[in-house]
Number of protein chains: 2
Amino acid sequence: MEHRIERIKKQLHSQSYKLTPQREATVRVLLEREEDHLSAEDVYLLVKEKAPEIGLATVYRTLELLSELKIVDKINFGDGVSRYDLRKEGAKHFHHHLVCVECGSVEEIENDLLEDVEKIVQRDWGFQVQDHRLTFHGICKQCQKSAVKTT
Amino acid sequence: MEHRIERIKKQLHSQSYKLTPQREATVRVLLEREEDHLSAEDVYLLVKEKAPEIGLATVYRTLELLSELKIVDKINFGDGVSRYDLRKEGAKHFHHHLVCVECGSVEEIENDLLEDVEKIVQRDWGFQVQDHRLTFHGICKQCQKSAVKTT
DNA sequence: TATTAAATTATAATTATTTTAAATATCTAC
DNA sequence: GTAGATATTTAAAATAATTATAATTTAATA
């Protein structure tokens, strides 16, 4: 954890941004809840536990900054709020998501399943791919099981 | 065009929804601008030309309804507004998008590039895929050309 | 063509996010 | 260690997107 904070501190400094206590608290929340997909409001409430004086606008600004630096990815699952997802260390690509339309759970897929597809896009459409967003909507394992039970 | 409106009318009636002039005007705008990715506001302004008395809330409700009936797909490119994209007739899957980070243009890919990937997700993650959202971010053909020129 | 449930209008309310200006704090260089 | 320049935060207000409300109107059916 401390190691990752140090790294982020360096990333900020290299662009002459400062690591303020508010920013550090925000990053810590993101690290602690790495598996989740928190909205700005969610992050705000959690950061408030560490740094009660922080304002919501600061959280928004911090998340925006981390997003620019590619430390977090901003995603939207269509529910009206932006969510922020920490990039895995050393990950070349943004990971994919499985959103269950029954229970709303969100699972992550680390494997890069799009290598071939990106090659095709590059070759056949002449589009120089930099990043992607891939989300599947469907029924998760758990909900499939429950559906069988109740049938 | 008239044929597609008729079909949509039947789809509405089959769920006991009415095809009001406002809804028809909205659908016509979507048909006329099939290649675009209009926001609710965009649609509203265009519909107003045909039906000046329409309210923005009605446009939102209509788009929401069309979305439920799978006549349009609601997408979000991360710019804070939802966009509405007419489903191609007979398309089994939602098409993909290429968003240029330089000029903001959005290109559509009709081909289903995810068949294999969906099989893998189904098999290895036990996730029953119903739909997907795939967007690539990068540099479009035109912007690549201009970049070469200015270098 | 009268009926009835569904839909629309206009307005207000919510929710998410961003901006502003004044006050404060971080990091660098000394 | 500390001053100073600059970045950052705070708090509040503004903006933007979307949804809800209640009264009025209208589309489709019999």
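Note on naming: letters A, B, ... go to the chains in the order of the sequence lines (proteins, then strands), and numbering restarts at 1 for each one.
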>> The test is side-chain contact (heavy atoms from CB on, under 4.5 Å); show your working for B:Val106 and B:Phe77 and say whether it passes.
In response: CA-CA 10 Å; B:Val106 179; B:Phe77 292 132; 3.9 Å; yes
> Cluster partners of A:Ile139, using ILVMFWY side-chain heavy atoms under 4.5 angstrom, listed by chain and number?
Replying inline: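 Members besides A:Ile139, by chain and number: A:Val101.
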> To the nearest 10 degrees, how far apart in direction are the end axes of the helix from C:dT1-D:dA30 to C:dC30-D:dG1, each fit to five base pairs?
Replying inline: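 The two end axes of the helix from C:dT1-D:dA30 to C:dC30-D:dG1 meet at 40°.
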> Hey, can you pull the residues of residues 4-21 of chain A with a non-hydrogen atom under 4.0 angstrom from DNA chain D?
Replying inline: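 Hits under 4.0 Å, by residue number: A:Tyr17, A:Lys18, A:Thr20.
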> Taking only side-chain nitrogens and oxygens of A:Ser82, does any of them come within less than 4.0 Å of OP1 or OP2 of C:dT17?
Replying inline: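 Answer is yes, contact under 4.0 Å.
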> Does A:Tyr60 place a side-chain N or O at less than 4.0 Å from the phosphate oxygens OP1/OP2 of C:dT18?
Replying inline: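 For C:dT18, neither OP1 nor OP2 has a side-chain N or O of A:Tyr60 closer than 4.0 Å.
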> Would you call A:Leu114 and A:Val117 a side-chain contact if the rule is heavy atoms closer than 4.5 Å?
Replying inline: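 In contact.
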Under 3.5 Å between N/O atoms: give me all the protein pairs with nucleotides 20-22 of chain D, atom names plus distance.
none

>> Regarding A:Ile54, tell me which of base, sugar-phosphate or nothing describes its non-hydrogen contacts under 4.0 Å with the strands shown.
In response: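 Counting heavy atoms under 4.0 Å across all strands, the contact made by A:Ile54 is with sugar-phosphate only.
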> Partners of A:Glu6 by salt bridge (charged side-chain N to carboxylate O under 4.0 Å, His left out), sequence neighbours excluded?
Replying inline: none
>> So, using salt bridge (charged side-chain N to carboxylate O under 4.0 Å, His left out) as the criterion, who are the partners of A:Glu107 when residues are at least two apart?
In response: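 A:Glu107: no salt bridge (charged side-chain N to carboxylate O under 4.0 Å, His left out) contacts found.
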>> Under a 4.0 Å threshold between the charged nitrogen and the carboxylate oxygen, would A:Glu41 count as salt-bridged to A:Arg83?
In response: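 Between A:Glu41 and A:Arg83 there is no salt bridge, as every charged N stays at least 4.0 Å from the carboxylate O atoms.
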>> Just to verify, what does B:Leu31 make a side-chain contact (heavy atoms from CB on, under 4.5 Å) with, not counting sequence neighbours?
In response: B:Met1, B:Arg4, B:Ile5, B:Val27, B:Leu86
>> If hydrophobic clusters are built from ILVMFWY residues whose side chains come within less than 4.5 Å, do B:Ile109 and B:Val99 share one?
In response: no
Integer-rounded Å distance: [N] [atom2] and [X] [atom1]:
X	N	atom1	atom2	answer
B:Arg83	D:dA16	CZ	C1'	14 Å
A:Glu53	C:dA25	CD	P	10 Å
B:Leu56	C:dT14	CG	P	18 Å
A:Leu65	D:dA7	CG	P	13 Å
A:Leu63	C:dT17	CG	P	10 Å

>> Quick check on contacts: within residues 72-81 of chain A, what sits under 4.0 Å from DNA chain C by heavy-atom distance?
In response: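 Within this stretch, A:Gly80, A:Val81 sit under 4.0 Å of the strand.
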> Counting only non-hydrogen atoms, which of residues 22-51 of chain B are less than 4.0 Å from DNA chain C?
Replying inline: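 Correct list: B:Gln22, B:Arg23.
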>> For a salt bridge (charged side-chain N to carboxylate O under 4.0 Å, His left out) check, start with the C-alpha distance between B:Asp42 and B:Arg33, then their side-chain angles and the critical distance, and finish with the verdict.
In response: CA-CA 11 Å; B:Asp42 294 337; B:Arg33 305 289 294 259; over 6 Å; no
>> By the side chain to side chain donor-acceptor pair (under 3.5 Å) test, which pairs, at least two apart or in different chains, include something from residues 115-125 of chain A?
In response: A:Glu118-A:His132
> Is it true that a side-chain atom of B:Ser14 and a backbone atom of B:Gln11 form a donor plus acceptor pair closer than 3.5 Å?
Replying inline: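 Such a contact is found between B:Ser14 side chain and B:Gln11 backbone.
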Compile the donor-acceptor pairs under 3.5 Å between side chains in residues 63-76 of chain B and protein atoms, sequence neighbours left out, one pair per line.
| from | atom 1 | to | atom 2 | distance (Å) |
| --- | --- | --- | --- | --- |
| B:Asp73 | OD1 | B:Arg87 | NE | 3.4 |
| B:Asp73 | OD1 | B:Arg87 | NH2 | 3.2 |
| B:Asp73 | OD2 | B:Arg87 | NE | 2.8 |
| B:Asn76 | OD1 | B:Gly78 | N | 2.8 |

Result block: side-chain N/O donor-acceptor pairs under 3.5 angstrom for residues 47-54 of chain A, not counting sequence neighbours:
| from | atom 1 | to | atom 2 | distance (Å) |
| --- | --- | --- | --- | --- |
| A:Lys48 | NZ | A:Tyr44 | OH | 3.2 |
| A:Lys48 | NZ | A:Pro52 | O | 3.2 |
| A:Lys50 | NZ | A:Glu32 | OE1 | 3.3 |
| A:Lys50 | NZ | A:Glu32 | OE2 | 2.9 |

> Is the ring centre of A:His96 less than 6.0 Å from the ring centre of A:Phe136?
Replying inline: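 No: the rings miss the under 6.0 Å criterion.
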> What distance do A:Arg133 atom CZ and B:His97 atom NE2 have between them, rounded to the nearest 0.5 Å?
Replying inline: 15.5 Å
>> Quick one, B:Glu2 with B:Lys9, criterion salt bridge (charged side-chain N to carboxylate O under 4.0 Å, His left out). Give me CA distance, side-chain angles, the key distance, then yes/no.
In response: CA-CA 10 Å; B:Glu2 299 311 315; B:Lys9 184 170 183 175; over 6 Å; no
